[in-house]
Trainee: 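Below is the structure I would like to discuss, written out as structure tokens.
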Amino acid sequence: MAGNKRPKTPSMANWLANQFINEALLEEFFGDLEEIFQDRISIKGKAYAKLMYWVDMLHLLIGFTSLQQIFRNQHNPTIMYRHYFTIAGRNLSRNKLNSLINILGLAVGMGVCLLIYQYVHFEMSYDNFHANAHNIYRLTQTDIRNGENLGAGAYTTHALGVQGKETIPEIKDFVRICPQKLGLVVANVEDNIIFQENKMWYVDHNFLEFFNFPLRYGDWESALGAKYNVVITEETAYRYFGNGNPIGKSLKVSGGKSLSGIFIVTGVLKKLPINSHLEFDLLLSMEFLLENWPSYKGGGGWVNADFITYITLDDNANPEIVGKKYNHAISEQISSRLHLERRIGFQAISDIHLNSDYLKGDPASNKGNMQDVHFFIIIAIFILFMAWVNYINLSTARAMDRAKEVGVRKSIGAVKNQLISQFIIESALTNFIAAILAIGIAYFMLPVLSNIIGKELELNVVLSIEFWGWFSLVIILGSLLSGLYPAFVLSSFKPVRVFKSANTTHRGGFSLRRTLIIFQFLTSVLLISGTYLVYQQITFMKNKDLGIDMEKILVLNGPRVVLEKLKEEGVTLGSKYQIFKTKAADYHSISSISATYTIPGKGYFFGSTFIRKLGNPEDSGKPASVTIVDTDFADTYDLEFLAERDYIKDYSALEQVIINEEALKVFELGSAEEALYEKLIWGGDTIDVVGVVKNVHWNSLRDAHSPILYFLDNEWGAYFSCKMNLSDVQPTIAHIESAYHEVFPNDPFHYFFLDDEFNKQYQSDLQFGNLFSVFSVLAIFIAC
Amino acid sequence: MKVKSLGEFEELVLLAVCILDGEGYGISVKREVENHSGRSILLGAVHITLYRLQDKGLLQSKLGGNTGKRGDRRKRLFKITESGMRQLRAAQDVRQKMWRLIPQLNPSI
């Protein structure tokens with residue numbers, strides 16, 4: 001009656017109160033406010049009442065919104081969150097199998113990611129341990145002739161470093177390394193311990209000062225100071241001298257006429273860091289090499305590129321500018337001697353391991369590849385996402401079980417936000433447990449990884465702050481990514497529907513789940529086909545017909561020690577070789593033996609040297625690879641001749657050459673038959689072409705065919721290749737060994753099959769393949 | 001347990017609730033305090049104080065009778081608790097003691 005005509009309280013103020021004041025209090029407040037509102041209207045009028053209504057309402061708002069947080073204990077958020085954790089814990093332990101699958105799936109995914117992270121971290125950490133690493137550069141040289149780029153390489157000439165230091169003030173220091181490619185025989189004569197050493201380097205005396213390889217014994221300032229000093233690594237010292245300090249003991253090096261000698265051990269290096277691109281066993285003095293092998297000094301030291309040069313720059317020097325100065329400093333020397341332009345490049349030492357693919361004949365033995373590293377990072381991210389997707393699928397699939405819980409919670413007053421935070425806390429807990437487990441998994445799987453890459457890795461990333469940053473990021477991101485979707489699906493269930501029927505299908509949810517499953521399926525297919533491709537590639541490389549029947553070739557290391565006594569005995573090396581070849585070949589399963597300077601897969605005598613056709617101008621020379629073989633080579637390796645003519649056997653002056661098809665093309669020699677009447681110019685010498693053979697893959701299949709010159713000479717037997725019948729291998733090897741010891745009594749007998757050695761070139765591919773397949777299998781396991 | 005002493009306004013509100021004896025709610029308390037102290041008070045201040053006293057355990061409340069004037073909404077009726085009574089008495093005692101010590105008012109000194 002009267003109520004109908006009553007003036008209304010200000011609705012804006014009421015709406016505001018509705019937003020901020022606890023519902024339970026509103027009834028009495030509105031009641032009181034309205035009562036006083038009516039009183040005021042009757043006493044002082046509507047306007048005053050309205051004004052005071054607003055004042056009172058705002059006062060209440062301020063008073064009660066701030067009071068609530070301080071005094072209303074039943075709404076204390078910490079209690080709520082503690083409750084969420086309890087519930088999350090109970091849920092995990094109630095569905096033990098389910099949680100186990102969830103957590104294990106996530107943990108394996110994260111563990112694999114962590115392993116990949118460790119691997120990537122390791123690959124990126126190469127050579128960072130040098131104190132001055134940011135200022136150390138390796139020099140590269142690129143030759144350009146008549147505008148044609150002849151390729152970049154890491155081998156430089158002997159004079160390059162000296163010239164740079166003398167003329168460019170920004171270059172503080174340089175050091176040169178000349179690897180002994182041949183593999184000399186080294187002996188501790190006293191105890192008769194003999195090995196062939198393949199990682200023996202001649203280095204400048206400041207090597208130990210330049211790089212940071214700590215010494216176990218000896219003094220770094222003087223260790224490489226004298227010509228007959230040798231510095232060895234800990235492992236090498238152990239091989240020759242056992243435990244104890246070997247300083248002052250001597251090692252005898254047998255390296256033919258020029259490189260033999262007795263060397264005094266003046267330093268022992270601690271085990272080299274495994275993330276060093278420099279890997280060596282023995283360091284000898286550069287002074288010794290240059291004195292005994294003066295050909296390096298020929299052409300002013302600008303011709304034979306057999307040295308690796310490292311320089312240190314000033315802190316504030318700009319490598320680009322220094323590079324230009326360098327090009328300028330050497331241009332006169334180079335153009336007058338070689339008729340070409342040589343550009344010097346600077347490669348930061350930390351870049352060498354992963355970014356050296358553009359260089360021809362990189363001397364580093366343990367090359368990595370930036371592409372592979374990126375690839376693994378992508379796989380890691382894929383795996384992590386698969387694990388999360390899996391978690392999402394599993395937890396939404398369980399939605400049915402949780403629907404009742406959600407229904408009950410909603411009907412006793414839980415709002416959507418509270419449910420969402422509950423589910424996110426659950427997924428955060430799962431992610432956290434999984435992440436902790438992942439560290440354990442990574443720890444136990446690390447040996448598998450070490451095994452594949454052949455280096456003893458440690459799980460040392462966990463010591464870095466960076467890692468814990470990523471770790472937290474992954475947990476937070478994982479909790480949100482894998483928690484948000486189930487949280488929204490589950491919290492949007494309508495209580496009425498949940499209780500009414502058991503069927504709580506959620507259309508949107510299922511279509512997203514389907515998408516996720518398709519994503520997983522596609523990734524799995526991608527990974528499987530990727531693995532298949534990688535293996536195809538490796539099998540292809542291993543089985544491709546290289547033009548040489550490698551399986552049947554057994555290779556021995558040629559003798560080194562015997563060389564020293566030739567003079568006393570009055571025989572030539574060639575005849576000594578011939579004696580061995582005749583003796584060894586006198587066995588039914590051996591058909592042919594050849595002494596050569598290098599073998600397939602082991603490079604050349606000169607990787608790149610300039611050759612031209614007789615009659616062509618001096619600056620028309622093109623790079624070719626050169627190796628030295630004896631006259632039995634073509635037979636032993638079954639090279640197919642396109643044309644050949646009679647040549648002088650037992651000849652040893654590097655004047656006759658067999659060339660491959662590629663050389664025929666590059667040097668414009670016409671047809672194979674025509675080529676037999678042509679001559680080539682190498683340095684100042686004229687060479688007769690006596691045969692043309694089909695191209696074979698002398699090095700990795702990855703390299704395109706390049707012009708190769710096989711010089712004929714019978715005295716360069718660094719290796720003996722024996723072509724044999726595989727029917728009885730052991731007796732054949734025994735026979736060869738006895739012949740070897742008879743002719744070369746003081747040389748160690750090492751042998752291997754050519755295909756094994758050749759395939760070592762593909763080791764990094766194989767490693768990549770193995771890593772890839774292990775990670776793929778794990779990813780697929782997680783997806784299933 | 002140390003009991004915090006009452007503020008002046010709190011004491012007035014407590015006394016008003018006592019006087020109203022079970023009929024004290026926001027508006028009646030406001031009127032009671034206004035009548036006795038002669039000053040005008042905001043309703044919100046009364047509400048806040050009532051709840052604060054309840055949180056301290058000096059008052060208890062229940063929802064009670066509604067009238068048409070309130071738009072049929074119930075009111076929260078406050079009653080003093082035992083500890084509320086104790087606090088009031090303690091405050092009163094302190095004052096009595098101190099009053100007695102004022103020399104001008106004490107003829108025996």
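In what follows, chains are A, B, ... by sequence order, proteins preceding strands, each numbered from 1.
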Trainee: More than 12 heavy atoms of other residues, nucleotides or ligands under 6.0 Å from CZ of F432(A): is that the case?
Mentor: no
Trainee: In this structure, are over 12 heavy atoms from other groups packed under 6.0 Å from W54(A) atom CH2?
Mentor: yes
Trainee: Using 4.0 Å as the upper bound for N to carboxylate O, is an ion pair formed by R31(B) and D39(A)?
Mentor: yes
Trainee: Tell me, side chain or backbone of M52(A) under 4.5 Å from chain B's heavy atoms, or both, or neither?
Mentor: side chain
Trainee: Anything under 30° is parallel, anything over 60° is perpendicular, the rest tilted; go ahead and classify F29(A) against Y51(B).
Mentor: perpendicular
Trainee: From L33(A) CG over to H47(B) NE2, what is the distance, rounded to the nearest 0.5 angstrom?
Mentor: 7.0 Å
Trainee: Please report the closest heavy-atom contact between L43(B) and I36(A), naming both atoms and the distance.
Mentor: CD2-CG2, 4.3 Å
